[in-house]
Amino acid sequence: MAESFAFDIARSLLGKLASYAYEEASRAYGVYKDLQEFKDTLSIVSGVLLDAECKKDQKHGLREWLRQIQNICYDAEDVLDGFDLQDKRKQVVEASGSTRVKVRHLFSSSNSLAFRFKMAHQIKEIRDRLDKVAADGVMFGLTNVDPGLVVQQREMTYPDIDTSSVIGRKNDQDQIINLLMQPHPRGDGDGDNSLCVIPIVGIGGLGKTTLAKSVFNDKRMDQLFQLKMWVCISDDFDIRKIIIKIINSATSSTLTSSSVPSSGLAQLENINNLDIVQLVSRLKQKLSGQKFLVVLDDVWNDDRAKWLELIELIKVGAPGSKIIVTTRSNSIASMMGDVFPYVLKGLSPKDCISLFVKWAFKEGEEKNYPNQVEIGKEIVKKCQGVPLAVRTLASSLFSNFDISKWEFVRDSEMWNLEQKINDILPALKLSYDQMPSYLRQCFAYFSLYPKDYIFNSYDIGNLWVALGLVQSLNGSEKLESIARKYIDEMHSRSFIQDVKEIGSICEFKVHDLIHDLALYVSREDFVAVDSHTRNIPQQVRHLSVVKDDSLDLDLFPKSRSVRSILFPIFGVGLESESLLNKLMSRYKYLRYLGLSDSSYKTMPNSIAKLEHLRVLDLSRNGKIRTLPNSICKLLHLQVLDLGGCTEFENLPKGLGKLISLRSLTVTTKQSVLPHDEFATLIHLEFLCFHYCGNIMSLFRHQLPSVEELLIVSCSRLESLPLYIFPELHTLTIDKCEKLNLLLNNESPIQTLKMKHLYLMGLPTLVTLPEWIVCAMETLETLAIKRLPNLKRLPVCLSTMTRLKRLFIVNCPQLLSLPSNMHRLTALERLHIFGCPKLSRKFRAQSGEYWPMISHIKSVFIGKSKGHEVKLKTSTLKITNAITDGDKSLCVIPIIGIGGLGKTTLAKLVFNDERVDQIFKLKMWVFVSNNFDIRQIIIKIITASFYTSASTPSSGLAHQENIKNLDILQPVCRLRQILSGQNFLLVLDDVWNDNREDRAKWIELKYLLEVGAPESKIMVTTRSSSIAWMMGNVPSYVLKGLSPKNCLSLFKDGEEKKYPNLVEIGKDTVKKCQGVPLAVKSLGSSLFSNFDLMYVGREDFVEIRYLSIVENVSLDRVLFPNSRGVRSILFPIDGVGLKSVSVLDTWVSRYKYLRYLDLSDSSFETLPNSITKLEHLRFLDLSRNDKLRTLPKSICKLVHLQVLLLGGCTELENLPKGLGKLISLRRFTVTTKQSVLPQDEFVRLINLQSLSFDCCYNIKFLFTQKLPSVEELYFESCDSLESLPLHIFPKLKTLFIRDCNKLDLLLNNEIPIETLRMKHLYLMGFPTLVTLPDWIACAMDTLESLVIIGFPNLKMLPVFLTSMTRLKKLYIIDCPQLLSFPSEMHRLTALETMFGSVTAPL
């Protein structure tokens, strides 16, 4: 199911409309009234959107109605964006000071008069659309819902469990019990410290409740605690209810020892009537002096005040009492816990298999199905150790031993499989539902990225900001800071993991199941395009391309609603400039355009059409040389990334017009920067110069808004005048060999606001620059890395009282730290790595200067060319980016999917003669998924023996010896072999991509960095994240073979004898998509088999459900011969069946059809063979404008429940014998006949819903009763004159629209005493002055009354105020209506009133 964001989008839009800026702009351009009317209507509609989102799967058409509302809101955002754009145009024109520019602006379409006319027209169009859709929505019977109430709740839990059924949690159970046996960590067991809270935290479905139950029922708990209580909290943290649950649980706990069970039950019954004071007293009686255990299961409350209130009430037990809390939120766990949260991990693969077998088979049954068990081992891999996911998939296969079903589950994404209410994705969705709306929208964008993607907070934050998802409540906080808070909050809610801090940004990953959840909630608006994508929905708004095999314009939707396009995968980009031009011309409302890793020489001039664009990422384009000057018309552009565009020659003229620019990354060949242009970028906060090899100096003028400055690999840059950056917070300098930081600036620096300073790769620096003292009072992070000649640190370092992080890496000449390091009381992290002399002095306990740093919370001391020693630390990660080794050892990843030939390519390179000339030593190591450091070292040593030993036996002897050595000895042996050698090492088939394995890789790489500088490592892997993690050059993304090469691989020399088979072979290899292993597999399966019928044959035997989504030539041969087909449908508007002969074939072949949807078809009659479909329940013939007759045989379909003939404008008569359709429940009619067959209709005893649509000739209905009809619809029945309601005694819903001759005031032939009507919709009655009196007969039952399009209606009946059950009243387009009845206050049940803006009311 896909989520609707209509409510969130509408609320965001209402917030913009309510702002002072938009109000002033609308007044200035004369559109204030239209905009206010739109706002009023949207306010009313937004009130029922949450109810609509809850009911969208239960009510037909409601999902489409929500989509229409959402589309209108998006379009309105585009219109409002025009106000900002016009304001920016004015700023640019005024700033230019040029008369020529002002004159050009006067005569352009953006001058005030032209703009006012355009905006007025667009706003009126948007308002009219909203009015119409709002009017259509009234028929759904929606109500206002409190946003805080729309949360799906988890079922209540209880402590009972069969502990023998719990798999893989024994170690976790023992660790929790060990915590329960420990004294309070912050006291001696007395007073306030007597009650200790132990949180268990993890994502949904991980088994937190199961673990808590196992602990709760452990026999050791009965010996440890006098009283045990289990309370399920869920999202309702109501103090009174929780107290009642605790008391009841305590009572239940004592029932087992009570001789009279009924006494306990009586207490349970009476306690609900007590007031809060009595309840608190009873609670204290139960708990006072007792050593108790309370489990608070499934806590969602993050209100600390409520928690403190509860904990104070239950701090009356004996010392040693404990509380276990289970929660999905890290922040809640931290708030409630007295000890570090117990972070529950996933089950081991072995335990997952055991759990899977338990749920997929009956006991012992798995022995009979070894093939299914093997597939099951592959299935559980996608569960990532989450027990509920394992159980979900296993349960779906229980007692189903069809191997194809198992393979389908194995090969399908989790989000694409059927999910029941207690399955994994609905369970995870509870967490999603609990998120604030601003996080829910942001979370959906994770679906645009592949699994295992390493997210960057800077990039994802830019995407969110560009699309308007990040809002500042006070208007002053930076949007980037808010986006980072969103990431932190998602982390606290367990939606992201593996968060790594790298300076001012962070990297993180999303668990595979959380990624499935993102796909689950967002699949209608978000599409990630890969090699399997054949169709993109027209309504899509956000596109990512994760595989660029064959991008074609026809693949992309024609809708202009697309808001973002990105290429997130390293090495995957756009190559066609013409396709880019067409995309930009089509999607003019783009906010985010990420074209990283593309390859074209220039951007098309049509870039100027993207007036709404916020982010343009052109990074890592090795071909682009220029940008058109028209790019400077993008006045909304906030982020421009040109990093890594090594052929880029000059920045465009007019760059200073980009007045919204906040972030700019530049790689350019030009030597002089346009100073004046940069000076006008008044909002520029982030500035990066990357590989600008010709720049010698920066600017003359100040850039007062820049807060973060990065200068990387600018080899000719000589000076950096910091005074031109007065607001600088972060400075990073790396590999700028000629930069002299010791030079005096042209103007003295008094103070710096700098918080983070990173100095790296500066070989001439002997001491740090004196200007650092100017940041003495603000500096929080200082990182110095790869400064080979640095000999001392300034004395002022010890006076930096705010310094929190100090990193010193690869500074071998540095001998000491300032003597007063103990004064750095704020210092939390100290890393020293690659500084051998310094490391010895500060070694833990034994180092002479250890006392100077022993107070620091996290200390990491690493030896140069030795083992890394991890000292006292609670959260230190060995993988911190600051402590990475030097990149002198080059790692080249080869990446591609399985079977693409990565290993084959590596072998070809390894055995190439040129490689033998370059490298003295070559080693090949097969890694696979076992990234064990010791085993890999042994394999490397063994491989080196095979390369260098004179005889193979000597190598084998060495291999036998080293297997018995401990880890230190192989490390020494490895360093002896590689030291100073120019080597090539191939690590084949690497799978290590978790946190622990990355630490192992860093450790291994460090051990290998003893070879000559020219040494290389080649890695083959299927994972882009592994390639990114291990490589320090761009990955070589292996492509598929060409069609010609595929065919060559497919053939084997015998092909000349079988030319027909070769032709079929060409078609066969196409499905292989260039993957050699696939070609080889298919070719091998056909080896020496020359049966022409076997090759390429398709088998449709098992198909039961068919849909046709395109108007293609339907040849009967395409359809299966099986008679098991149950449904055929044409779901797309305008796509239908043209051939009666094909239909006749279907009818004859598929006699067990239940559902036949032939809407939008075009044939004049149905074949008589329709009578063969004896099992048919549903027949849709709507919108067939050629259908003239129906055969009488259709009336033999006695099982038919739904018959739809709406929109069949040429249908002359209903078939004779219609009354035989005794199962018919719903009937929609369009016909030319003037008299309906009354006797036939009377016999339809189960008919509940009856619709007449465009029956232009019908004047009268029936005289006999239709007692079963509950819903009656009339639309565009122009000749209908009267409506005898007495013939519909059970009528609950009446809908009448555009029936011009129908006189509702006519008395019925038989008077109506009462009506059971609940919903009445009257639309389009131009002659009616008042409402008909018979409405009073429904006075006691009517719940909805909708009146639309009564231009002459002047009064409402007095009896309206007597409708005590009326909940909804809508009055639209009734301009003559002046007042309501005076006693409207009597309508106490009324919940919703809707009045059109066109009425005086």
Side-chain angles (χ1 to χ4, degrees), residues 349 862-863 865-870 877-879 883-895 902-903 905-907 909-910 915 919-949 955-1012 1015-1023 1025-1032 1035:
K863 296 180 180 180
K865 298 185 179 180
H867 284 298
E868 299 164 359
V869 183
K870 192 173 182 181
K877 296 177 183 177
I878 196 170
T879 61
T883 64
D884 281 346
D886 197 294
K887 292 186 178 180
S888 59
L889 178 60
C890 182
V891 183
I892 305 167
I894 302 175
I895 184 174
K902 302 177 294 297
T903 299
L905 174 61
K907 287 180 178 179
V909 173
F910 189 84
V915 172
F919 300 102
K920 295 181 180 178
L921 188 61
K922 297 191 304 179
M923 296 155 290
W924 182 286
V925 173
F926 178 69
V927 178
S928 191
N929 59 349
N930 184 22
F931 205 89
D932 180 277
I933 294 290
R934 186 178 185 276
Q935 292 298 322
I936 293 174
I937 290 175
I938 290 173
K939 288 181 180 180
I940 294 174
I941 295 172
T942 302
S944 71
F945 290 151
Y946 280 121
T947 304
S948 58
L956 292 173
H958 284 296
Q959 182 180 3
E960 292 171 1
N961 292 335
I962 61 175
K963 284 184 177 179
N964 300 318
L965 302 179
D966 62 31
I967 184 63
L968 291 177
Q969 291 167 312
V971 167
C972 293
R973 183 75 59 82
L974 177 73
R975 301 179 78 84
Q976 290 173 3
I977 293 170
L978 300 185
S979 183
Q981 294 284 337
N982 182 15
F983 66 79
L984 169 65
L985 171 64
V986 176
L987 299 178
D988 185 37
D989 197 31
V990 179
W991 291 80
N992 64 311
D993 62 349
N994 56 43
R995 269 170 55 185
E996 292 78 9
D997 283 341
R998 182 167 191 258
K1000 291 178 183 177
W1001 161 243
I1002 293 173
E1003 181 180 350
L1004 176 63
K1005 183 170 178 284
Y1006 174 72
L1007 295 175
L1008 298 172
E1009 287 177 341
V1010 295
S1015 297
K1016 300 288 188 295
I1017 298 176
M1018 190 158 50
V1019 174
T1020 71
T1021 179
R1022 304 183 185 192
S1023 168
S1025 60
I1026 293 174
W1028 183 91
M1029 175 185 79
M1030 299 180 73
N1032 47 26
S1035 301

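Just the heavy atoms: all of them, side chains too, but no hydrogens, waters or symmetry mates, feed the values below. As the structure is a computational prediction, the values presented were derived from the model and not from experiment.
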Point to revise | Pairwise distance CG(Leu889) to CG(Leu978) - rounded to 0.5 angstrom | key: 9.5 Å
Review point. Sub-3.5 Å donor-acceptor pair from the side chain of Ser1015 to the main-chain atoms of Ala1012, do we have one?
Key: yes
Review point. So which of Leu1008, Ile936, Ile938 actually passes side chain to side chain contact (heavy atoms under 4.5 Å, CB included) with Leu974?
Key: Leu1008
Point to revise | Exam field: side chain Thr1021 to backbone Val990, donor-acceptor pair closer than 3.5 Å | key: yes
Check your understanding: If we only count heavy atoms from C-beta on, is the Leu987 to Val925 side-chain gap below 4.5 Å?
Key -> yes
Point to revise | CA sep, side-chain torsions, deciding dist, call: Ile977, Met923, side chain to side chain contact (heavy atoms under 4.5 Å, CB included) | key: CA-CA 12 Å; Ile977 293 170; Met923 296 155 290; 5.5 Å; no
Point to revise | Inter-residue atom distance Lys939.NZ - Asp932.CG, 0.5 Å rounding | key: 9.0 Å
Study note, to complete from the structure: Thr903 meets the side chain to side chain contact (heavy atoms under 4.5 Å, CB included) criterion, sequence neighbours left out, with Lys907, Trp924, Asp988, Thr1020
Point to revise | For Ile892, side chain to side chain contact (heavy atoms under 4.5 Å, CB included) partners two or more places apart | key: Cys890, Lys1016, Val1033
Point to revise | Value rounded to 0.5 Å, distance of CZ in Phe926 from CG in Asp989 | key: 4.5 Å
**Study point:** Atom pair CG (Leu905) and CE (Met1018), whose distance is rounded to the nearest 0.5 Å
**Key:** 7.0 Å
Check your understanding: Just how far is it from atom CZ of Arg973 to atom OG of Ser944, taken to the nearest 0.5 Å?
Key -> 9.5 Å
Point to revise | 4.5 Å side-chain heavy-atom contact, Met1030 and Ile1017 | key: no
